[in-house]
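One structure follows; several queries about it will come next.
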Amino acid sequence: MNQADLSKLVSALRIAVKPKPRLFSCPEGPAGRLKKLRATVTALVKYERIELNYPRAEEAQGYAERLISDAIRNGDCHKHTMEMADYWLNEKQLVHKLFKVLVPRYQNYNSSFTRLVLGPKTYPGYFAGTAILELKGNPFPALQPETHNYHYWLHNVLLEEAKKEFRSAREDRNAGTTESVTAES
Amino acid sequence: MLRRAVLQTFRQGLAQSFFKRYAVSLTETTVTHQPIETSNEAGERSVPTQKTGDESRNTVVVAPPEFRFMYPEFLPDPAMETRNRLREKLERMDMLQRRSVIEIPEFYTGSIMAVTVADANSPNKFARFVGICIQRGGSGLRAWFILRNVVDKQGVEILYEMYCPLIQKIEVLRLERRLDESLLYLRDALPEYSTFPLDMEPERRLNNSVVPINPLKVKLRPRPWLERWERQNLQGVEDLNLPQRFYDKAEKVAKPWEKYDLMLHYRKTIPAEEQEKIFAEIHSQLQQQELKRKLRRRRGPDNEQ
């Protein structure tokens with residue numbers, strides 16, 4: 001049993017975090033793992049929507065959320081946050097984008113800052129296919145259609161009427177049986 | 001309760017910004033409740049009508065930010081596989097119950113403490129040990145600390161479980177911190193750094209609001225050592241004066257990327273929102289217990305007279 005590390009205060013992430021990290025096989029070993037994830041996080045912040053393989057996308061999502069949540073919590077005058085932003089974003093103009101664009105955008109969010117959508121699986125097999133990792137609030141058209149149900153849509157109108165008919169028919173049947181029971185008694 | 005400023009400046013900055021940020025946002029979160037994903041693309045929180053805690057009708061309890069350093073065992077083990085919210089809540093209730101019976105004072109690694117334990121085999125039925133706290137760990141009811149002393153030229157370390165019912169009394173003779181969180185290197189240090197008189201009297205603190213950091217740099221005995229101290233970035237140890245090959249190997253074996261591994265840090269700690277929830281839960285009870293103890297201390301000598 002270990003005590004929690006108290007040296008840093010971190011915000012709770014609003015994504016599902018797995019207990020163990022994925023260890024990607026890299027020629028440089030564990031050092032190379034963070035290097036690859038750095039490239040992914042940089043690309044995510046730069047392009048705001050990237051398509052890549054699912055395992056890397058899931059790991060990078062965690063790091064991107066951590067980076068943005070630290071930036072929101074501590075701001076750009078915090079030494080440790082600036083060091084992390086400097087390490088994780090390979091292009092220095094993206095550090096400005098993080099603090100000047102993304103932090104105000106996500107300041108009042110109650111949900112996660114990224115979205116991970118499963119992409120096509122181009123070849124059959126036991127591995128997960130591609131995934132699309134995007135920052136919420138990006139300027140592109142939505143990947144998935146909005147799942148709204150408006151009452152004035154035709155099929156919803158017809159369904160409502162059908163439900164009402166069914167319920168009134170059931171009440172008539174119940175009323176009919178109780179009348180017959182009372183009549184018999 | 002007196003506010004205690006934590007000396008290390010980066011911690012103070014963190015503590016202040018945490019308190020400022022979360023004292024306000026706590027009122028917001030308690031006053032309004034929003035589903036996670038609303039109909040608009042951004043899950044925006046609605047701005048509450050009451051902004052400050054003073055004006056809101058719902059009073060919000062916020063524990064001081066130093067609580068996480070004073071009572072670290074109330075935070076659960078961060079390992080996700082073994083977490084159980086109900087068990088943690090029950091443990092916290094039991095811990096508060098034990099604390100109402102016995103006073104478990106605030107202490108840190110580097111403080112000199114005396115612990116009295118009920119011992120059936122000793123002539124007085126009690127066994128008292130004085131030592132310096134070299135490490136503390138565990139969470140919940142299994143929280144422990146290790147006291148070290150050198151008795152008759154023999155180094156002795158005893159691990160005490162803080163909530164063990166056999167413990168009769170825990171006194172802090174000198175409350176201070178050191179430059180490191182773990183003083184295991186005292187095992188390889190010269191014995192005078194671990195020797196404390198067994199009949200040591202509790203020292204009165206000059207300044208109650210600040211826990212002093214002792215900047216002592218300890219001298220180690222010549223090698224062989226129990227651990228490779230040159231690889232551990234110890235602040236409280238004098239220059240080790242090793243041949244260069246040791247430092248070269250330490251560099252080769254080091255993992256400098258772990259400093260930047262954000263998810264590794266996340267998995268090793270409890271998020272701030274959860275921490276403040278836990279401490280807000282226990283804050284009022286701990287305050288009440290301290291008040292009762294103060295009253296008892298004031299009344300005690302009067303009653304005896």
Side-chain angles (χ1 to χ4, degrees), chain A residues 1-14 17-22 28-35 37-38 41 59 61-67 69-70 72-75 77-80 83-84 86-88 105-113 115 136-138 142 146 148, chain B residues 8 10-11 13-15 17-18 21-22 28-29 34-39 41-47 65 68-69 72-73 75-83 136-140 142-144 181 255-276:
Chain A
M1 286 198 89
N2 293 310
Q3 270 185 10
D5 179 37
L6 300 172
S7 52
K8 297 173 195 74
L9 265 180
V10 302
S11 303
L13 293 184
R14 293 181 186 273
V17 175
K18 294 203 162 99
K20 294 220 161 76
R22 278 192 185 83
E28 291 156 49
R33 173 177 177 272
L34 279 198
K35 215 167 143 187
L37 286 168
R38 240 202 298 185
V41 169
E59 292 295 303
Q61 191 191 22
Y63 288 96
E65 294 265 343
R66 274 283 288 123
L67 189 64
S69 74
D70 266 0
I72 292 172
R73 175 179 272 275
N74 298 322
C77 294
H78 191 241
K79 187 180 167 209
H80 183 255
E83 268 180 29
M84 294 295 126
D86 183 51
Y87 177 85
W88 280 97
R105 193 200 288 183
Y106 297 124
Q107 193 78 46
N108 294 319
Y109 261 55
N110 254 341
S111 67
S112 59
F113 316 122
R115 187 182 288 121
K136 286 187 185 165
N138 62 59
E146 287 173 355
H148 298 305
Chain B
Q8 286 183 356
F10 80 85
R11 271 190 185 149
L14 262 177
S17 63
F18 162 81
R21 199 186 156 76
Y22 278 85
E28 290 180 356
T29 49
Q34 273 260 328
I36 298 284
E37 272 270 71
T38 51
S39 58
E41 220 273 301
E44 291 225 11
R45 213 183 286 157
S46 71
V47 176
R68 67 186 213 273
F69 300 111
E73 73 273 8
L75 295 175
D77 187 350
M80 260 175 250
E81 289 117 323
T82 50
R83 287 205 60 184
R136 73 183 285 188
S139 49
R142 279 177 272 183
W144 51 263
E181 284 308 309
K255 299 182 186 176
W257 58 86
E258 280 195 355
K259 181 182 166 197
Y260 302 105
D261 197 337
L262 296 168
M263 289 306 287
L264 183 74
H265 304 153
Y266 187 76
R267 287 184 178 107
K268 277 192 184 165
T269 189
I270 305 290
E273 289 89 346
E274 216 176 316
Q275 279 194 24
E276 76 196 34

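Chain identifiers are assigned alphabetically (A, B, ...) following the order of the sequence lines, protein sequences preceding nucleic acid strands; residue numbering begins at 1 within each chain.
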Task: Shortest non-hydrogen separation from A/A4 to B/P76 and the atoms involved - done: CB-O, 4.2 Å

Open item on the list: I'd like to check B/T269 versus A/K8 (side-chain heavy atoms, cut-off strictly below 4.5 Å). Are they in contact?
Closed with: no

Task: Set of side-chain contact (heavy atoms from CB on, under 4.5 Å) partners for A/P21, sequence neighbours left out - done: A/R33, A/E59, B/R267

Open item on the list: I'd like to know which of A/H80, A/K79, A/K20 tops the heavy-atom pair count under 4.5 Å against chain B.
Closed with: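 That would be A/K20.
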
- [ ] Evaluate the side-chain proximity of B/K268 to A/V10: yes if any heavy-atom separation is below 4.5 Å, no if none is.
- [x] no

Task: Region of A/L37 that comes under 4.5 Å of a non-hydrogen atom in chain B - done: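 When you check distances to chain B, no heavy atom of A/L37 falls under 4.5 Å.
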
TODO: Pick one of side chain, backbone, both or neither for B/K255, based on which atoms fall under 4.5 Å of a heavy atom in chain A.
DONE: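 Neither the backbone nor the side chain of B/K255 comes within 4.5 Å of chain A.
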
- [ ] Heavy atoms only: give me the nearest B/M263-A/Y63 pair and the separation to one decimal.
- [x] N-CE2, 3.5 Å

Open item on the list: Can you tell me how far apart OG (A/S7) and CD (B/E181) are? Round to the nearest 0.5 Å.
Closed with: 8.5 Å

Task: A/Q3 versus B/P78, closest heavy-atom pair with distance - done: C-CD, 4.3 Å

Task: A/L6 side chain near B/L75 side chain, heavy-atom distance below 4.5 Å - done: yes

- [ ] Identify the heavy atoms of A/S11 and B/P271 that sit nearest to each other, and give their distance.
- [x]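 Closest heavy-atom pair between A/S11 and B/P271: C-CB, 4.0 Å.
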
TODO: Taking all non-hydrogen atoms of both residues into account, name the closest pair between A/M84 and B/Y260 and its distance.
DONE: CE-CD2, 3.6 Å

TODO: Could you walk me through whether B/H265 and A/D5 pass side-chain contact (heavy atoms from CB on, under 4.5 Å), step by step?
DONE: CA-CA 8 Å; B/H265 304 153; A/D5 179 37; 5.8 Å; no

- [ ] Select, from B/I270, B/L264, B/D261, the one with the greatest count of heavy-atom pairs under 4.5 Å involving chain A.
- [x]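 Highest number of heavy-atom pairs under 4.5 Å: B/D261.
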
Open item on the list: Quick one, B/E258 and A/L34 - any side-chain contact, counting heavy atoms below 4.5 Å?
Closed with: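 A side-chain contact is absent here, since even the closest heavy-atom pair is not under 4.5 Å.
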
Open item on the list: Does A/E65 form a side-chain contact (heavy atoms from CB on, under 4.5 Å) with B/L262? I'd like the steps, not just the answer.
Closed with: CA-CA 10 Å; A/E65 294 265 343; B/L262 296 168; over 6 Å; no

